[in-house]
Amino acid sequence: MSLSIGALRGAEQRGQVDHRLARQSLINEYRRGRLGRDQVCDAHHELIRAAENVGTPVETPCPICEASGLRLVTYVFGPRLPAHGRCVSTAKELAVLNRRRDELSAYVVEACIECHWHHLRKVLPIGGR
């Protein structure tokens with residue numbers, strides 16, 4: 001097998017970016033007292049509104065307040081979508097976007113509806129087929 005850009009990206013699977021390490025680092029800094037709660041719990045009100053109304057509940061508690069209000073919200077960005085992205089509320093809607101010819105990016109964000117913690121979990125490519 002030769003080492004090429006295609007091999008690095010994967011011929012069948014396009015790359016996704018996972019932000020678990022950055023998330024854990026931020027949580028550790030908060031727990032050590034190097035960051036205040038106001039610095040990590042500052043989610044935009046539209047993100048919290050989306051989390052409350054269309055977010056997918058997560059079984060694990062919030063890493064900051066330990067409440068059970070942690071939700072996942074997915075936004076899709078790309079050509080012929082609004083500049084602020086499109087909030088995807090169902091798997092069916094995501095499947096429709098994944099069939100598009102345009103290459104799109106899906107951003108999965110976790111948000112706590114209790115304390116307003118938020119962090120980008122992962123970015124994955126969709127569409128482009």
Side-chain angles (χ1 to χ4, degrees):
M1 179 171 124
S2 66
L3 185 61
S4 67
I5 297 297
L8 292 173
R9 290 185 182 152
E12 296 297 317
Q13 297 178 343
R14 294 178 293 166
Q16 56 178 291
V17 180
D18 192 322
H19 291 270
R20 280 183 287 186
L21 292 176
R23 176 186 182 272
Q24 192 59 51
S25 176
L26 190 66
I27 293 167
N28 290 344
E29 291 297 299
Y30 169 75
R31 290 183 178 158
R32 289 181 184 123
R34 295 180 185 155
L35 292 173
R37 190 166 177 159
D38 62 325
Q39 292 175 292
V40 296
C41 296
D42 61 349
H44 192 275
H45 63 87
E46 287 296 321
L47 174 59
I48 298 302
R49 187 176 64 80
E52 288 175 335
N53 294 313
V54 297
T56 304
V58 178
E59 289 184 22
T60 58
C62 172
I64 304 302
C65 72
E66 299 181 359
S68 60
L70 201 58
R71 309 281 170 84
L72 295 180
V73 182
T74 302
Y75 290 95
V76 177
F77 296 88
R80 297 184 296 166
L81 290 176
H84 54 75
R86 180 169 171 191
C87 184
V88 179
S89 59
T90 66
K92 183 178 177 181
E93 189 177 3
L94 189 60
V96 168
L97 289 168
N98 195 31
R99 288 194 295 269
R100 288 178 58 168
R101 291 190 184 275
D102 298 325
E103 289 189 13
L104 308 171
S105 295
Y107 288 71
V108 181
V109 179
E110 69 179 15
C112 177
I113 60 174
E114 301 297 326
C115 72
H116 295 195
W117 151 263
H118 65 102
H119 200 276
L120 178 62
R121 274 226 178 154
K122 68 173 92 172
V123 180
L124 34 100
I126 62 171
R129 303 194 187 236

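Computation of the quantities below employed the complete heavy-atom set of this structure, encompassing side-chain atoms and omitting hydrogens, waters and symmetry-equivalent molecules. For clarity, every value in this text was computed on a predicted model and none was experimentally measured.
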Side chain to side chain, [X] and [Y], heavy atoms closer than 4.5 Å:
| X | Y | result |
| --- | --- | --- |
| I113 | R71 | yes |
| H119 | L26 | yes |
| P61 | S68 | no |

Is there a path of hydrophobic side-chain contacts, each under 4.5 Å between heavy atoms of I, L, V, M, F, W or Y residues, that connects [X] with [Y]?
| X | Y | result |
| --- | --- | --- |
| L94 | V109 | no |
| V58 | V54 | no |
| L120 | F77 | yes |
| Y75 | V108 | no |

Residues pairing under side-chain hydrogen bond (donor to acceptor under 3.5 Å, both in side chains) where one sits in residues 52-67, two or more places apart or in two chains, turn out to be none
Contact list for residues 105-115, test side-chain hydrogen bond (donor to acceptor under 3.5 Å, both in side chains), sequence neighbours left out: R23-E110, E110-W117, E110-R121
Mind checking side chain to side chain contact (heavy atoms under 4.5 Å, CB included) for R34 and listing every partner two or more places apart, or none if nothing turns up? E29, R32
So V17 and K122, side-chain contact (heavy atoms from CB on, under 4.5 Å) or not? Walk me through it. CA-CA 5 Å; V17 180; K122 68 173 92 172; over 6 Å; no
Residues in salt bridge (Lys or Arg N to Asp or Glu O under 4.0 Å) contact with R99, at least two apart in sequence or another chain: none
Strictly by ring-ring contact (aromatic ring centres under 6.0 Å, His included), give each pair with a member in residues 43-63 just once, sequence neighbours left out. none
Given side-chain contact (heavy atoms from CB on, under 4.5 Å), test N98 with V96 step by step and report yes or no. CA-CA 5 Å; N98 195 31; V96 168; over 6 Å; no
Could you pull out every donor-acceptor pair under 3.5 Å between side chains of residues 78-89 and any protein atom, sequence neighbours left out?
from, atom 1, to, atom 2, distance (Å)
R80, NE, D102, OD2, 3.0
R80, NH2, D102, OD2, 2.6
R86, NE, E93, OE2, 3.1
R86, NH2, E93, OE2, 3.0
S89, OG, E93, OE1, 3.3

Sequence neighbours left out, what passes side chain to side chain donor-acceptor pair (under 3.5 Å) with [X]? Give chain and number order.
| X | value |
| --- | --- |
| S25 | none |
| R101 | none |
| Q39 | none |

May I have all residue pairs that pass salt bridge (Lys or Arg N to Asp or Glu O under 4.0 Å) and include part of residues 37-47, sequence neighbours excluded? E46-R49
If you take all heavy atoms of [X] and [Y], which pair is closest and at what distance?
| X | Y | value |
| --- | --- | --- |
| I64 | C115 | CB-SG, 4.1 Å |
| G55 | V73 | CA-CG2, 4.2 Å |
| P63 | L70 | CD-CD2, 4.3 Å |

Interatomic distance, CD1@I126 vs CG@L124, rounded to 0.5 Å, equals 7.5 Å
